[in-house]
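Each chain gets a letter, A, B and so on, in the order its sequence line appears, and its residues count up from 1.
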Number of protein chains: 4
Amino acid sequence: MPIQKVTREEILTKSLEVFRHRGYHNTSMNDLANAVGLLKGSFYHYFDSKETLMKEVLMSVNIFLKQEVFPIVHDTTLPIEARMETMLKRFSKTVFSKDGGCIVGNTILETVNQYPQFKEVLQEILTGWTNALTYLYSHRTTPEYARKLAEQSIMEYEGAIMMAKLFGESYYYKDCYLRAIERLNERTQ
Amino acid sequence: MPIQKVTREEILTKSLEVFRHRGYHNTSMNDLANAVGLLKGSFYHYFDSKETLMKEVLMSVNIFLKQEVFPIVHDTTLPIEARMETMLKRFSKTVFSKDGGCIVGNTILETVNQYPQFKEVLQEILTGWTNALTYLYSHRTTPEYARKLAEQSIMEYEGAIMMAKLFGESYYYKDCYLRAIERLNERTQ
Amino acid sequence: MPIQKVTREEILTKSLEVFRHRGYHNTSMNDLANAVGLLKGSFYHYFDSKETLMKEVLMSVNIFLKQEVFPIVHDTTLPIEARMETMLKRFSKTVFSKDGGCIVGNTILETVNQYPQFKEVLQEILTGWTNALTYLYSHRTTPEYARKLAEQSIMEYEGAIMMAKLFGESYYYKDCYLRAIERLNERTQ
Amino acid sequence: MPIQKVTREEILTKSLEVFRHRGYHNTSMNDLANAVGLLKGSFYHYFDSKETLMKEVLMSVNIFLKQEVFPIVHDTTLPIEARMETMLKRFSKTVFSKDGGCIVGNTILETVNQYPQFKEVLQEILTGWTNALTYLYSHRTTPEYARKLAEQSIMEYEGAIMMAKLFGESYYYKDCYLRAIERLNERTQ
DNA sequence: TATGAATGAGCGTTCATTCAT
DNA sequence: GATGAATGAACGCTCATTCAT
C-alpha cells in the first residue's frame with residue numbers, strides 16, 4: 001500500500017502561505033514542494049500544474065470565506081458592530097500574512113492581465129466580501145450607498161496592505177479597521 | 001557616431017509600460033528588448049541588469065513626480081481644489097496604465113519582500129505623494145488629521161486600481177478621485 | 001525507481017577527461033553534458049554548478065591518490081625503486097591524459113588566481129605527492145634534501161607535460177621518470 | 001586628422017600582461033581594451049580578432065627573445081656562468097609575471113589542443129630557449145647531454161612557476177635558477 | 001503514492017565581432 | 001582612428017513538467 005505523506009488540504013494550506021509570501025511567478029514548484037516536504041515530482045500526483053494549484057488555492061480560500069467568514073454578517077445574535085469586527089478579523093487571518101501579503105491582492109496584480117483562469121475566483125472572492133460588507137452597512141443607509149461604503153472599505157484595506165508592506169508598519173490596517181467600523185454609522189449625504 | 005535605434009529615455013519609457021503590464025518577474029529581458037526593437041543582448045549597452053533597469057525606471061518615475069507633479073500643490077495661482085485635480089490627473093497618467101496597472105503598487109507587492117533595492121525608491125515615491133496630499137489637506141484641518149486623510153486617499157487609490165483591474169471597470173478610480181477632493185472640506189472630528 | 005542514464009561517478013570520470021582536454025574555461029556545461037549523454041539541464045541534478053563539479057572532480061582525484069597511489073610508498077614488500085615505479089605509473093594514469101593534459105597543472109594555471117575555491121584541493125594533491133616522493137627519497141639522504149629532490153621531480157614532471165603537449169612527443173615524460181628513479185641514489189652534497 | 005591614442009606596441013605589451021594574468025579564455029576583448037584605454041570596438045582597428053592578437057603577442061615575445069635574450073649566450077665578453085645568469089633573468093622578465101604566470105606555459109596548456117595556430121610560435125619560443133641553453137651547457141659536455149640538461153632546466157622552470165603560483169612562494173624559482181647554473185658543471189655520466 | 005532522473009524551453013547575461021558615423 | 005550601438009550565438013543556470021520505477 002502506498003504511503004501518503006500529505007493531504008491535498010495540507011498542500012493547499014502550505015502553498016497558500018508560500019504564494020502569499022513570494023508571489024505567483026517568483027514561486028517555483030520546488031519552493032512549494034519543499035514547503036510541504038515532498039519532492040517536485042510527487043507534487044504532480046496532487047495537482048497537474050502550477051496554474052491548477054493556484055486556482056485551487058484560490059478556490060479553497062473562496063470556499064472558506066463563504067462558509068466560515070461571510071455568513072457572520074447574518075448572525076443575529078450579535079450586534080452589527082460585533083459582526084463587522086469578527087468578520088474583518090477572520091478575513092484578515094485567512095487572506096493576509098504577517099509580512100504584509102494578501103493572496104488576493106497579490107494575485108490580482110500579478111496575474112489578472114495574463115491568466116484569465118484566476119479571474120473568476122478572484123472576482124467571486126471580492127464580490128462575496130463586497131456583499132457581506134454591503135449587507136452590514138445597509139442597516140443604517142440605502143443599499144446603493146452601503147455598496148459604496150463597502151467598496152471603499154475594501155479598497156482602503158488593499159491599499160493598507162501595500163503601505164504596511166512597504167513601510168513595515170501595521171497601523172495602516174488598524175486605521176482601516178476602525179474606519180470600516182465607524183462607517184456603520186454613516187448615512188447618505 | 002554609430003546608428004542609435006533607441007535612447008535611454010525611450011527604453012525607460014517603454015520598459016515602464018511593459019513592467020506595468022506584465023509585472024517584474026513575468027517580464028523577460030526579451031520582452032523588454034522587443035518592446036524597444038532591440039535584441040536582448042543589445043539591451044545591456046544601456047543597463048547592466050534587469051534589476052538596475054527596474055531601479056532606474058522607478059527612479060525616473062520618482063524624479064518626474066518630484067519635478068512635474070508634486071510641486072503643483074504649491075501653485076498659489078490655483079485654488080486648492082484645482083491643484084488637487086491637476087495633481088491627481090498627472091499622477092495617474094504617470095503611474096497608472098489603461099489596463100489597470102500601477103507600477104508602484106505592482107512592484108511593491110511583487111518585490112519588496114525579496115528585493116530590498118527597490119524599497120527605497122518606492123518609499124520615496126509614496127512619501128512624496130503622501131506629503132503632497134497632506135499639504136493640500138492641511139489647509140482646512142490639522143497637520144495630523146491631514147496626514148491621515150492623505151494616507152486614506154492613497155490607500156483607496158491603490159485598492160481602486162486592483163478593483164479596476166479585476167472587474168475591468170473604471171468607476172472605482174472616479175469614486176476615489178471624487179472622495180479625495182471632497183476630503184478637502186473635512187475637519188478634525 | 002526512475003531510469004538513470006548515468007551515475008555521479010561516471011559524470012566525474014567523464015568530466016575529468018573533458019576538463020583535462022579542454023581546460024576549465026573552455027569547457028561548457030553543454031560539452032560536459034554531451035560527454036555523458038545528458039542535456040545540460042539534466043546535469044544540474046547531479047551538481048549545483050560548474051564550479052562545484054570541478055571542485056568535486058579535483059576532490060575525487062585527491063581521494064583516489066590518497067587511497068590508491070600514495071600509500072604505495074609504504075609497501076614494505078617492495079624495494080624502494082619498485083615503489084617509485086608503481087607510484088609514478090599509477091599517478092600518471094590518474095592525472096595525465098594521452099593528449100598531454102594534466103588536470104592538476106592545467107587547473108592551477110587557469111584558475112588559481114581567480115578561483116580560490118580550487119586552490120585548497122590542488123594544494124592538498126601536490127602536498128600529498130610531495131610527501132610521498134619525499135618519503136621515498138629520504139631512504140638514502142636527509143629529509144631536507146629529500147624534499148628538494150621531491151619538488152624537483154614534480155616540477156620536472158609538470159614541465160614535461162607541457163613539452164609533451166607542445167611537441168607531441170612522449171620522451172619528455174620518460175626522461176623525467178628515469179631521473180626520478182635515479183635520484184633515489186642521490187645524497188646530500 | 002585622426003588621433004591615435006595608442007600604438008600597436010603598447011597594445012601588445014598591455015595585452016601580454018592581461019593574458020598572462022587571466023589566461024586566454026578568461027580574458028575578454030573588453031578586459032584587453034580597458035587595459036589599454038580603448039573601447040572594445042576600437043581594438044579591431046589594430047587586430048582583427050582575439051586569436052590574431054594572441055598570436056601577435058606571442059610573436060612579439062618570440063622576436064624579443066630572439067633579438068635581446070637568446071643572443072646573450074654568444075657574448076664572449078662574459079664567462080659562461082654570467083651569460084646563463086643574464087639570460088635567465090631577462091627571460092623571466094619577459095615571460096613571467098609576479099603573480100606566477102608564464103605566458104608561454106599558460107598558453108600551451110590552455111590552447112595547444114584546440115588552437116593549432118598558436119602552436120608554431122610557441123614551439124619556436126621553446127626551441128629557441130632550448131637551443132640557447134644547449135649552447136651554454138655544451139661547453140663542458142656533449143651536445144646530446146647538453147640538450148637533455150637544457151630540457152631539464154626548462155621543464156623545471158615551468159613546473160616551478162606552477163608551484164610558485166599554487167603556494168605563493170618564490171623559492172621554487174630560485175632553486176631552479178641555481179640548479180640551472182650548477183648544471184653548467186655537469187658532465188656525461 | 002513517491003521518487004528523482006530526464007527533458008526542453010527559457011532565463012539573465014556575456015562575448016567576439018561588425019559597422020555607420 | 002575612434003566610437004559605441006547593435007548583433008547573434010553561446011554561456012551557466014532554472015523551471016514546469018513527464019514518467020519509469
The single option from Lys50(B), Arg22(B), Lys14(B) that satisfies salt bridge (Lys or Arg N to Asp or Glu O under 4.0 Å) with Asp31(B) is Arg22(B)

I'd like to know whether CD of Glu120(B) has more than 12 heavy-atom contacts from other residues, nucleotides or ligands below 6.0 angstrom. no

Nucleic acid contacts - residues 38-56 of chain D versus DNA chain E, non-hydrogen atoms under 4.0 Å: Lys40(D), Gly41(D), Tyr44(D), Ser49(D), Lys50(D)

Output yes when a side-chain donor or acceptor of Asn106(B) lies under 3.5 Å from a complementary backbone atom of Gly23(B), and no otherwise. no

Separation of dC11(F) atom C1' from Asn26(C) atom CG, nearest Å, is 12 Å

Can you find a heavy atom in the side chain of Ile161(A) that is under 4.5 Å from one in the side chain of Met162(B)? no

Whether the side chain of Lys165(C) engages the backbone of Leu109(D) through a donor-acceptor N/O pair (distance < 3.5 Å, no angle test) should be reported. yes

Without swapping roles, check the side chain of Thr111(C) against the backbone of Ile108(C) for a donor-acceptor pair under 3.5 Å. no

Which residues satisfy the ring-ring contact (aromatic ring centres under 6.0 Å, His included) test with Phe19(A), sequence neighbours excluded? Tyr24(A)

Could you check how far NE2 of His25(A) sits from P of dA16(F), rounded to whole Å? 10 Å

Set of residues satisfying ring-ring contact (aromatic ring centres under 6.0 Å, His included) with respect to His25(B), sequence neighbours excluded: Tyr115(B)

For Tyr46(C), enumerate each residue passing the side-chain contact (heavy atoms from CB on, under 4.5 Å) test, keeping only those at least two apart in sequence or located in another chain. Gln4(C), Val6(C), Arg8(C), Ile11(C), Leu38(C)

Taking only Watson-Crick and G-U wobble pairs with both distances under 3.5 Å, what dot-bracket line describes DNA chain F, where [ ] shows pairs that cross earlier ones and | shows pairs with another strand? .||||||||||||||||||||

Please tell me if the side chains of Gln114(C) and His21(D) come closer than 4.5 Å, counting only heavy atoms from C-beta onward. yes

Nucleotide dG1(F), atom P - distance to CD of Glu10(D) in whole Å: 15 Å

Short of 4.0 Å, heavy atom to strand atom, which residues of residues 27-34 of chain D count as contacting DNA chain E? Thr27(D), Ser28(D), Met29(D)

